[in-house]
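Here you go, one structure.
All residue numbers in this chain count up from 1 along the given sequence.
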Amino acid sequence: MVHSPFNFIFVHASLPKFLSFTDVSAALTLALKISLSSPLHSHSKQSTTMDEEFSLDDPTQLLESASDFAHHPGSLNDAAVKDFLDRFPLPVIISALQTKSDVPGLENTLVACLERVFKTKYGASLIPQYMTFVQVGLKADSQIVRCLSCKTVSSFLKNFDDKSIYAIKLIIDCDIYPLLLDCRVNGDEQVATAAIDAIKNLAQFPEAMGIIFPSNFNEATHLGNVASRCSSLGHVRVLSLIVKLFSISSSIASVIYNSNLLSLLETEIKNSNDTLVTLSASELLYELTEVQHGAQFLARTTFQLLHSIISNSSMESILRSRALMISGRLLSKENIYMFVDEPSAKSLISAIDVRLGLLDSQDTDERESALEALGGIGSSIQGAVLLLTSFPPAARHIVHAAFDRQGGGKQLAALHALGNIVGENRPEDGVILNGDTEESLRRLVYEVASESSKLTPSGLLLSVLQQAAEFRLAGYRVITGLVARVWCLMEICSKPEIISIVTDPTAETTKIAMEARYNCCKAIHKSFMSSKLVSDPALSGIAGKLQEAVQRGPYLVRKHTEATPVVMTAERF
């Protein structure tokens, strides 16, 4: 018998010697009946090498049929899978995979075929009887077989109707979870991805919490223990697994937090020995800030860490940039302020403010990251208040950079940040801030205008709308939020050129820019119609222009479309 790197074990329940194996389907039926009548935990006693009676001397027909099955367009139903397995029972396929691995293309084809089989409800129902096959597959040398085995576990767990102890008992009896962990840590990229999906599916079972998160650190499967024994790549993969599990639910996040597993991320971020690993850990922390229920856990541990990174001038610039972006995302969440005290938030904003002051004369990626971070913070009401009421206000960096026409990427980042602060992306009732905050914003804008050649805020806004398309897009966002303030509305109405641009349907050529211009026009119109300016006869032309533009919609539409006769030379054959 040819030995392949992957030696499958099949539970066949010691079939009687007198049984004729010419009818393979009958043999399979009897094997499954006997297997089902025996306890699941007795797999290890019944496991032997696949009987040679199930092997195929010539796998050509199987290879052709499996290829057709694997590449069949569209989804396959249970009937199609059952029909295929009636012709080629699973023992036949497994035997061919074991003994005919030297046949070109056979392994890839059969793996693809089995993957489609086990994705169906009917195929998944057979998996419990073949869990030893999965167990050995998870330890195979062949990466595609390991990947198949991980996906098979996922199919079993996803298609298991009753989320009870039965499924978990089978996973425990066959020692599946430690093998999945090994695939996650040591497999190739596809195997590692399939393994993490299987573990996430396992985590959906409440009974699996004790398996995935053992209380004893000395357990071989404790994620902290696993991480301590890994290579750099394996370590990052374990951290990524923790992040993926954290994102599933707040209850699992609570288990991870109480198990002190988040400290693994913090430790790696503080580690200055390996910049790549530290950066990877920072990326994972950035991913954690996206999790809806993450704020309550991250607020307790992360602020001081971010503050220390941002304030550390000796650290790599790329790491500080990532810490800045994490800070911006974390403080952009309205609910974060339920879990962190105001002094901690102010301290982090102050660290960003100081860092921007040090970068004042530099046009660097780090500076843009800092401006974007402040913009993220300013997108929430509480964040905008902190930026505008600190002393000196951290928002001054944004306002100054937003109207610096020589700023390039720095100006663009600042314009979008200013759009966030003035409430362009906030609900209508959250655009206007409290009195002191609004006065600070007005004073900053007029101060920058007075120091420029434009002299007025309307001049600054017009200069932005006269720049390239990406700057105009950001400018529309700024005006959309800012025009809710009466002083800004008056500034805009004093510049007919601004009204002409925002009402011109031909001003933009891309969909996103057309919609931004239209939203800006609607915001000006709404603010105008609800103000005292609507009764000013001198501004009646502006009112009519805005009304017409709003009715026209965001896209270029011809006012009159009539049928026009066309005269041309007739085509002759």
Worksheet item: Sub-3.5 Å donor-acceptor pair from the side chain of T109 to the main-chain atoms of L63, do we have one?
Response: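 Absent.
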Discussion item. By the definition side chain to side chain contact (heavy atoms under 4.5 Å, CB included), identify the one residue from I336, L330, L331 that meets it with T289.
Written reply: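 For T289, the side chain to side chain contact (heavy atoms under 4.5 Å, CB included) test succeeds with only one of I336, L330, L331, which is L330.
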Discussion item. For a side-chain hydrogen bond (donor to acceptor under 3.5 Å, both in side chains) check, start with the C-alpha distance between T278 and E268, then their side-chain angles and the critical distance, and finish with the verdict.
Written reply: CA-CA 5 Å; T278 304; E268 283 306 327; 5.3 Å; no
Item to complete: Would you please test L348 and I310 for side chain to side chain contact (heavy atoms under 4.5 Å, CB included) and show each step?
Response: CA-CA 9 Å; L348 188 54; I310 293 169; 4.0 Å; yes
Worksheet entry | Closest non-hydrogen atom pair between I196 and K244, with its separation |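 For I196 versus K244, the nearest heavy atoms are CD1-CG, 3.4 Å.
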Item to complete: Compute the ring centroids of F246 and F297, then answer whether they are less than 6.0 Å apart.
Response: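 Between F297 and F246, which both carry aromatic rings, the centre distance is below 6.0 Å.
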Please list, one pair per line, the donor and acceptor atoms closer than 3.5 Å that link side chains of residues 64-75 to other protein atoms, with sequence neighbours excluded.
from	atom 1	to	atom 2	distance (Å)
S65	OG	Q61	O	3.1
H71	ND1	S67	O	2.8

Practice prompt. Might you work through the side-chain hydrogen bond (donor to acceptor under 3.5 Å, both in side chains) test for E366 and S321, ending with a clear yes or no?
Written response: CA-CA 5 Å; E366 187 180 343; S321 293; 4.9 Å; no
Worksheet item: Can D86 and K82 be said to form a salt bridge (Lys or Arg N to Asp or Glu O under 4.0 Å), step by step?
Response: CA-CA 6 Å; D86 284 343; K82 190 175 186 305; 3.7 Å; yes
Discussion item. Give me the atom names and distance for the closest heavy-atom approach of S259 to V255.
Written reply: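 Residues S259 and V255, closest heavy atoms: OG-O, 2.7 Å.
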Worksheet item: Which heavy-atom pair separates C174 from Q135 by the least distance, and what is that distance?
Response: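 For C174 and Q135, the tightest heavy-atom pair comes out as O-NE2, 2.8 Å.
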Worksheet entry | F156: which of I176, I171, V134, N201 passes side chain to side chain contact (heavy atoms under 4.5 Å, CB included) |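 Looking at I176, I171, V134, N201, the match for F156 under the side chain to side chain contact (heavy atoms under 4.5 Å, CB included) is I171.
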Fill in: Closest approach of G376 to N420 (non-hydrogen atoms, all atoms of both residues)
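Closest approach of G376 to N420: N-ND2, 4.2 Å.
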Fill in: Nearest heavy-atom neighbours spanning L261 and G224
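L261 and G224 have their closest heavy atoms at CD2-N, 3.9 Å.
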Fill in: Short side-chain to backbone donor-acceptor contact, N225 and E219, under 3.5 Å
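It does hold such a pair.
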Item to complete: Could you tell me whether R146 and D182 have a side-chain N and a carboxylate O separated by less than 4.0 Å?
Response: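 D182 and R146: salt-bridged.
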Discussion item. Check this for me: I172, atom CD1, are more than 12 non-hydrogen atoms of other residues, nucleotides or ligands nearer than 6.0 Å?
Written reply: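 Enclosed: over 12 neighbouring heavy atoms sit under 6.0 Å from CD1 of I172.
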Discussion item. Could you check whether any side-chain N or O of S254 sits under 3.5 Å from a backbone N or O of S250, counting only pairs where one atom can act as donor and the other as acceptor?
Written reply: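 Pair absent, no side-chain N/O of S254 close to backbone of S250.
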Worksheet item: Got a donor-acceptor contact below 3.5 angstrom from the N77 side chain to the A80 backbone?
Response: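 It does hold such a pair.
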Practice prompt. Specify the closest pair of heavy atoms between L76 and T120, including all atoms of both residues, with the distance to one decimal.
Written response: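 Here L76 and T120 meet closest at O-CG2, 3.6 Å.
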Worksheet item: Between S347 and P343, is there a donor-acceptor pair closer than 3.5 Å when you use the side chain of the first and the backbone of the second?
Response: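 Such a contact is absent between S347 side chain and P343 backbone.
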Fill in: Other residues, nucleotides, ligands: >12 heavy atoms within 6.0 Å of E290 CD
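Check passes, neighbour count above 12.
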Worksheet entry | ring pair (Phe, Tyr, Trp, His ring centres under 6.0 Å) contacts in which one or both residues fall within residues 220-242, not counting sequence neighbours |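 Sorted pair list: F217-H222.
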Practice prompt. State whether the side chain of S311 and the backbone N or O of H307 hold a donor-acceptor pair below 3.5 Å, judged by distance alone.
Written response: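 Yes, the answer is positive, given that a donor and an acceptor are paired below the 3.5 Å cut-off.
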Item to complete: Could you give me the CA-CA distance, side-chain angles and deciding distance for D197 and C150, then say whether side chain to side chain contact (heavy atoms under 4.5 Å, CB included) is met?
Response: CA-CA 8 Å; D197 289 340; C150 291; over 6 Å; no
Item to complete: Salt-bridge test for E207 and K169: reply yes if a basic N is under 4.0 Å from a carboxylate O, no otherwise.
Response: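 Salt bridge flag = no for K169 with E207.
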Worksheet item: Any ion pair linking R320 and E316 (charged N to carboxylate O, less than 4.0 Å)?
Response: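 No, no charged N to carboxylate O under 4.0 Å.
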Discussion item. If we check side chain to side chain contact (heavy atoms under 4.5 Å, CB included) with L245, which of these qualifies: I242, V243, L241?
Written reply: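 For L245, the side chain to side chain contact (heavy atoms under 4.5 Å, CB included) check succeeds only for L241.
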Practice prompt. Check the pair S240 / R184 against side-chain hydrogen bond (donor to acceptor under 3.5 Å, both in side chains), numbers first and verdict last.
Written response: CA-CA 10 Å; S240 175; R184 173 60 189 164; 3.3 Å; yes
